[in-house]
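A short write-up of the structure that comes next.
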Amino acid sequence: MWHVVRTSPRRRPAPLSRSLASLFLRQKFKNIGWSFLRGIVRQVPMTPVTEPLESFKVIDTADPEHFFSVMRAFRPNLLGFSPAAAGGEWSARVHVIHCGEIRIAVQETAGYCFSGTSDSAFFATMLRGHVEITRRTRSKAPAPGTVMPHIHDHVSLRVGAGYQGVALSCSHEVLGRAIGAFMPDNPALVIRGVEADPDRYDFSAYRRNILSLHQLIGAGEMLLLDEARYRQEAGDILLLSLAQALAGGLADGPTPRAMRYFGRAIEFIDAHFAEDIRIAAIAEAAGCSIRLLQNLFRLIEGRTIVQHITARRLAHARSLLLDHAAGHSVTSAALDSGFSHFGLFARRYRAAFGELPSAARSAPRVPRPGG
């Protein structure tokens with residue numbers, strides 16, 4: 001396949017090129033000129049590149065590092081990518097397509113493994129071969145045809161020899177907007193807890209669409225895929241079917257497993273709110289990622305984890321101050337509740353209860369007549 005050769009930004013255009021370009025513009029032959037130039041440069045083969053591609057690219061390689069560099073380009077912001085190719089002769093063939101704001105990759109490989117966390121949403125559909133996925137201490141080997149989401153959690157992936165699969169990658173924002181179109185009343189439910197309970201979501205329509213695209217690629221109809229309009233339509237169909245599947249599973253709120261994460265987090269906070277606790281420690285006690293836990297608090301309570309801890313500390317401080325028999329001072333109540341900055345404690349207490357902490361220790365006021 002022939003492609004345009006990308007020149008170095010340091011190279012200055014030749015004077016003849018400038019003259020030709022100016023001539024085309026002045027004589028209003030811009031379209032003819034560009035068609036002529038495209039006809040010339042298409043005769044020069046383009047070596048494989050690793051940056052995100054604008055259209056359609058087929059990559060055949062026997063170099064694992066080349067393959068992994070392409071996959072890093074396919075999944076922007078991939079963190080902690082540590083590949084280890086399988087032994088023996090190794091090869092891979094990858095079709096990479098940009099469909100609007102999403103990217104599609106069809107890969108056939110001799111096997112590899114990696115572990116990491118990505119800032120992009122990633123959905124892989126295995127067509128043939130064997131895959132083992134490990135999240136935290138739990139491993140599973142999905143059956144062929146299974147849609148495997150990888151959105152937030154850290155994951156380790158081992159791909160066996162003879163693997164063939166289709167993957168979709170896009171930003172969280174793009175996927176979030178698509179799901180929000182199906183759930184205008186509850187946009188906070190976007191892509192939260194999907195990895196924790198993937199069987200909850202009906203990916204059948206998405207699976208049919210991704211397999212149809214795979215058949216189109218296998219038939220060699222690259223001209224159709226090279227047309228921006230058709231690629232945009234393919235991307236829209238895939239994105240909408242994926243968003244509809246996620247919205248259907250999220251409509252009833254957090255999954256049961258996500259609620260267990262939330263319950264364990266609440267128990268840990270109740271036991272340690274007076275200490276200097278970190279969100280990472282709460283997530284570890286809950287058994288989920290920090291991001292998932294943060295979104296669970298926003299979804300269930302409508303506030304952040306820090307706001308929940310602050311409210312818990314204030315409620316405890318108020319209970320101490322209202323216990324006149326115990327005789328707690330404002331200082332001791334603040335310290336026993338996890339506050340070390342007394343001015344900040346007083347401001348937050350007043351914002352929460354409408355009075356200063358010292359007022360809670362005084363006797364109840366007698367209402368004025370007629371007041």
Side-chain angles (χ1 to χ4, degrees), residues 117 135-137 151-154 185-197 250 252-368 371:
T117 303
R135 289 191 175 94
R136 299 188 179 274
T137 59
I151 300 176
H152 292 304
D153 284 351
H154 186 278
D185 298 331
N186 223 335
L189 292 175
V190 172
I191 55 176
R192 307 307 177 197
V194 176
E195 294 160 300
D197 194 6
L250 293 168
D252 296 330
T255 64
R257 184 176 297 176
M259 289 303 299
R260 289 195 294 271
Y261 295 153
F262 181 76
R264 288 197 290 264
I266 294 296
E267 292 176 0
F268 183 84
I269 292 172
D270 287 342
H272 301 279
F273 67 86
E275 305 168 12
D276 184 17
I277 55 176
R278 305 291 181 182
I279 295 179
I282 302 173
E284 182 178 359
C288 66
S289 68
I290 294 176
R291 184 172 296 186
L292 173 58
L293 191 62
Q294 288 172 330
N295 286 286
L296 282 174
F297 270 84
R298 292 191 184 97
L299 171 63
I300 297 171
E301 294 194 346
R303 57 186 178 183
T304 65
I305 300 175
V306 173
Q307 290 171 333
H308 174 92
I309 295 173
T310 300
R312 182 67 180 84
R313 288 172 172 172
L314 289 171
H316 184 258
R318 184 167 178 80
S319 67
L320 295 179
L321 293 173
L322 292 176
D323 186 1
H324 300 293
H328 289 282
S329 66
V330 173
T331 301
S332 65
L335 291 174
D336 291 346
S337 302
F339 292 99
S340 58
H341 192 291
F342 303 122
L344 180 61
F345 166 65
R347 289 195 296 273
R348 289 183 173 175
Y349 188 97
R350 185 170 189 174
F353 304 115
E355 61 182 11
L356 290 172
S358 55
R361 299 184 67 249
S362 61
R365 291 170 294 181
V366 177
R368 295 180 181 178

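FYI, the numbering just counts along the sequence from 1. From a predicted model like this one, the values you see are computed outputs, not experimental measurements.
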### Task
Using the side-chain contact (heavy atoms from CB on, under 4.5 Å) rule, take Phe345 and Val330 through it: C-alpha gap first, then chi angles, then the decisive distance, then the call.
CA-CA 10 Å; Phe345 166 65; Val330 173; 3.9 Å; yes
### Message
I need the Phe262 CZ to Ile300 CD1 distance, nearest 0.5 Å.
### Response
4.5 Å
### Message
Nearest 0.5 Å, please: how far is CG in Leu314 from CG in Leu321?
### Response
10.5 Å
### Task
For the pair His308 and Phe297, name the ring-plane relationship: parallel under 30°, tilted 30 to 60°, perpendicular over 60°.
perpendicular
### Task
Mind jotting down which residue pairs meet the salt bridge (charged side-chain N to carboxylate O under 4.0 Å, His left out) criterion with at least one end in residues 323-334? Sequence neighbours excluded, please.
none
### Message
Within the structure provided, determine whether Ile282 and His272 are in side-chain contact (heavy-atom separation under 4.5 Å).
### Response
no
### Query
Shortest non-hydrogen contact from Tyr261 to Leu296?
CB-CD1, 4.2 Å
### Query
Which heavy-atom pair separates Leu293 from Cys288 by the least distance, and what is that distance?
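Closest heavy-atom pair between Leu293 and Cys288: CB-SG, 3.9 Å.
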### Task
Sequence neighbours left out, what pairs pass side-chain hydrogen bond (donor to acceptor under 3.5 Å, both in side chains) with at least one residue falling in residues 336-350?
His316-Ser337, Arg318-Tyr349
### Task
Quick one: list whatever passes side chain to side chain contact (heavy atoms under 4.5 Å, CB included) with Ile279, sequence neighbours left out.
Ile290, Gln294, Ile305, Val306
Can you sort out the partners of [X] under salt bridge (charged side-chain N to carboxylate O under 4.0 Å, His left out), two or more places apart, ordered by chain and number?
| X | answer |
| --- | --- |
| Arg312 | Asp270 |
| Glu301 | Arg303 |
| Arg264 | none |

